[in-house]
Amino acid sequence: MEEEKGDFEPKIVGFTCNWCTYAGADLAGTSRKKYPPNIRLIRLMCSGRIDPMFVLKALLNGADGVFIGGCHPGECHYIKGNFYARRRIAALRTILKQFGLDNRVRSEWISASEGDKFARTMKEMAEEIKQLGPNPMRDKIL
Amino acid sequence: MAEEKEEPEKEEVKEEEPIEEPKIGIYVCHCGINIKNTVDVDAVRDYAATLPNVVLAKDYMYVCSDPGQEIIKQDIREGRVNRVIVAACSPRLHEPTFRKTCISEGLNPFFFEMANIREQCSWVWEDKATNTEKAKDIVRSTVARSNLLEPLEEKEVDVVPETLVIGGGISGMYAALDIANAGYTVHLLERLPSIGGHMLQFDKTFPTLDCAACILTPRMVDVGKHPNIDLLSYSEVEEIGGSVGNFTVKVRRKPRYIVEKDPVTGAIVCTGCGLCATACRMKKIPNEFDLGLGMRTAAYLPMPQAVPACYTIDPEKCIMLTKGKCGKATLESTGEAIKRIKSGEVTVEEVKDEIPLCVATCGPNCIDFDMKDEIVELNVGTIIVATGTDVIDPALQPEYKYGVYPNVIHGLEMERLLAPNGPTQGKVIINGKEPKDIVFIQCAGSRNKQTGYEYCSRVCCMYSIKHAHLIKERIHDANISILYQDIRAYGKAFEEFYDRIKGEGINFRRGLASEVYQRPGSDRLVVRGEDTMLGEPYELEADLVVLATGLRPSDGVEKVVRLTKLSQSADKFFLEAHPKLRPVDTAIDGIFVAGCCQGPKDIPDSVAQAKAASSASLIYLGTGKAKLEAITSEINEELCTGCRTCEALCPYDALEFDAEEKVMRVNEAICKGCGCCNGACPSGAASMRHFRDRQVYAQIEALTEALAPPS
């Protein structure tokens, strides 16, 4: 591996709901909050749509980090989809731990009004993943 | 039968028209300098042109402008493209704009997709090179998705031109009147014997000191007499099914044991003369309308201005209904005698020992002890929930001794003492005498983590200030203190009112009381606390302590939640669809909220919301059409194993199990398209349109494409 820990630009794939976190990301942009350009979001209608396989797929494909964003508990546009997301991610983590990949997945509740929190989270996450180094799966992709 | 079966099959074949090979057109927007300054627009455009099935890539200064849209329209019109991607701002901003552009040229709007390279790229980082790479990734991911998009149909349903309003307080009444005046039928449901709600319990209203009854009762009469309003008083909702445009509702009409209207002609039977109440033997029943401060009989009218003006016999208090006997009369003898009286066989006088006193005095013979619950079924297009509020239990703060000392009362009880139609005819009398020293304690129950009501109830400051003024009007030498933590006089003319009352010799002291106790050997109370302005303790003597209790959702709210599946916010009030822009809509299309059931508010705000909810309802009733969500879930019946995992997950109960075929079915009229079922389906049978697995995986693949080390 050419890239060294702390000295590479991680690729982070994000899955967010349309109503809270995607809107929060938009607000970060509208209010010109700056955060490193490592994240690319995939917009879903609800975090409850997230299949744990999405996260696995991204990690197995070599994404250095996966971000999951949904509405705050109790504020889901679809009443309770974010609770399902939380449960699924918790279950997925137990598996990811076995492969040492669990610290590459971060989930946060970010509302449509929390542009600042979105930017902060992205900054922190980029830094964390830089410290972890590139996803070891990158070397194993056929 | 055989023919009938064939028909839907034919339709299915029709739907499965092959989707044209994608010809994607990409339009990269400069957004003036918003994108262009930090993203190399030309590089993104040239890169996009190399992606699969992209037939043309253009850039333009403002794609959303008329000429910008015209470029897209022309390309669609001339058959060059059949999929459109605009790489510009957020889809939350301009997706609807460009979908309309597509529709105008006959292209299915779901073949449109946006690549968000402004809010999530050009605006959040300054380095042009890295931004350009990010923008290319975003465009690549969007193209991958665009290649797999399917046309979707936005279905419309007809709307039944009727509305159900739940709750007959000031909000429910105003919502009902607006819709009825617009010419549509309204079913107005009230669980108590009369409409009017809490507002009718008030003496005056702040800050104008209008007489509450004087401004409310004419509206109550309007409601009662309106030809378009079907007033279902003394009724409760039992079942709500269906969805926007056609809700099916079952209403249980509780028996009044007094005939309100002739079931055939609709003519008024009970004239509201009140002779039954005068005759009734059960005279010492605490009157709910006066919060138990006054008494009523078992045959009663809750208040003199009741609408409908029909008496009700309380089934829990009437001895004929609880014990089967009243005086010498029994249920059997009464039933028999009433029949004979009605047929003209005997006169009331002749059978007066066989009937209770109420029946004997009732001129129109409208008492009927055999009356039963009646279930009414309604079909309505929209529902307005206006279930209102109740006072927070003041006993939750035991240090204030509510319920221990009779001279500690809460705000609504104070209203009844002040009201001319109240138990004391508007005289402030407590413990049999006029109080001289009166202390108000603000924020009782509200703004308190211990009671569980953390919010500000918004009306208590103003009503206490109003009470202080009204007491001063009646007891000129009264010594009144208001203990507060903040005075919130936020509304129109509130501050001026507060200012005026301050000048009337009312003592405003900052610092809530910590305890109330009785001076031994007297009924005088002592209120202790700390003045946070002066930083010293105080001890005030009082003949009357009024707790300015806050508001909570009314008791019926849990039932309405269960029936409607509306969500509640953390404070248990109904949750609106958007706190700023959709304050009366809910997450369920066609159901609106109005008044205090959405959060504590004063009368003008409640009326404003009622009018907003009625206007939102009228959009459906007026157009007669409701659009259904196009992005819904679908079940592949061949893959579905009938495990029913999704059934329990669906927040809207849109999934039903077909026991015969052992598969799940989606009710597309109810499905909101969250995709929770798709995220959990173990067999891949549940699939959410527009966000199908393959569409999401294509995006993941596109975003991680270049990550494998070069081989």
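What you see below is based on every heavy atom in this structure, not just the backbone, and it leaves out hydrogens, waters and symmetry mates. Chain letters run A, B, ... following the sequence lines, proteins first and then strands; every chain starts at 1.
Within the 4.5 angstrom heavy-atom criterion, only side-chain atoms of F15(A), from C-beta onward, approach chain B. With a threshold of 4.5 angstrom between heavy atoms, K11(A) approaches chain B through side-chain atoms but not through N, CA, C or O. Residue L44(A) touches chain B through both its backbone and its side chain, counting heavy-atom pairs closer than 4.5 Å. Heavy atoms closer than 4.5 Å to chain B are found in the side chain of Y84(A), but not in its backbone. Residue contact with chain B, scored on non-hydrogen atoms closer than 4.5 Å, is absent for M137(A). At a 4.5 Å heavy-atom cutoff, the contact between I39(A) and chain B is made by backbone and side-chain atoms alike. Both the backbone and the side chain of R43(A) have a heavy atom closer than 4.5 Å to some heavy atom of chain B. Of the two parts of A119(A), neither the backbone nor the side chain holds a non-hydrogen atom closer than 4.5 Å to a non-hydrogen atom of chain B. Only the side chain of N131(B) comes within less than 4.5 Å of a heavy atom of chain A; its backbone N, CA, C and O stay farther away. Using a 4.5 Å cut-off between heavy atoms, P73(A) makes no contact with chain B at all.
W123(B) is not listed as a side-chain neighbour of S31(A), based on a closest heavy-atom distance of 4.5 Å or more. Put simply, the side chain of V124(B) does not reach to within 4.5 Å of the side chain of P37(A), judged on heavy atoms. Contact check for Q120(B) versus R40(A): no side-chain heavy atoms found under the 4.5 Å cut-off. With contacts defined as side-chain heavy-atom distances shorter than 4.5 Å, the pair R92(B)/N18(A) qualifies. The shortest distance between side-chain heavy atoms of M688(B) and M45(A) falls below 4.5 Å. Between N116(B) and D26(A) there is a side-chain heavy-atom pair separated by less than 4.5 Å. Counting heavy atoms from C-beta outward, P36(A) and W125(B) have side chains that approach closer than 4.5 Å.
In terms of modelled atom types and a separation under 3.5 Å, the side chain of K80(A) and the main chain of L649(B) share no donor-acceptor contact.
Among all heavy-atom pairs drawn from C674(B) and C46(A), the shortest one is O-CB, 3.4 Å. Closest approach of P651(B) to I79(A), counting heavy atoms only: O-CD1, 3.8 Å.
Here T704(B) contributes atom OG1 and L59(A) contributes atom CG; the two are 10.0 Å apart, rounded to the nearest 0.5 Å. A distance of 9.5 Å separates OG1 of T142(B) from CD1 of I42(A), quoted to the nearest 0.5 Å. With rounding to the nearest 0.5 Å, the separation of OH in Y78(A) from SG in C650(B) is 12.0 Å. Separating the CD1 atom in I50(A) from the SG atom in C676(B) is a distance of 10.0 Å, to the nearest 0.5 Å.
Salt-bridge formation is not detected for the pair E126(B)/R32(A): no Lys NZ or Arg NE/NH1/NH2 atom is positioned less than 4.0 Å from an Asp or Glu carboxylate oxygen. Ionic pairing of D693(B) and R49(A) is present here: one or more N-O contacts between side-chain nitrogen and carboxylate oxygen are shorter than 4.0 angstrom.
Heavy-atom pairs under 4.5 Å with chain B were tallied for P52(A), A85(A), A25(A); the largest tally goes to A25(A). Of all the listed residues (E133(B), E119(B), K134(B), R145(B)), the one sharing the greatest number of non-hydrogen pairs under 4.5 Å with chain A is K134(B). Counting heavy-atom pairs under 4.5 Å between each of I631(B), D137(B), L575(B) and chain A puts D137(B) at the top.
For K34(A), the NZ atom counts as densely surrounded, since its 6.0 Å shell holds more than 12 non-hydrogen atoms of other residues, nucleotides or ligands. For NZ of K572(B), the number of neighbouring non-hydrogen atoms (other residues, nucleotides, ligands) closer than 6.0 Å is 12 at most.
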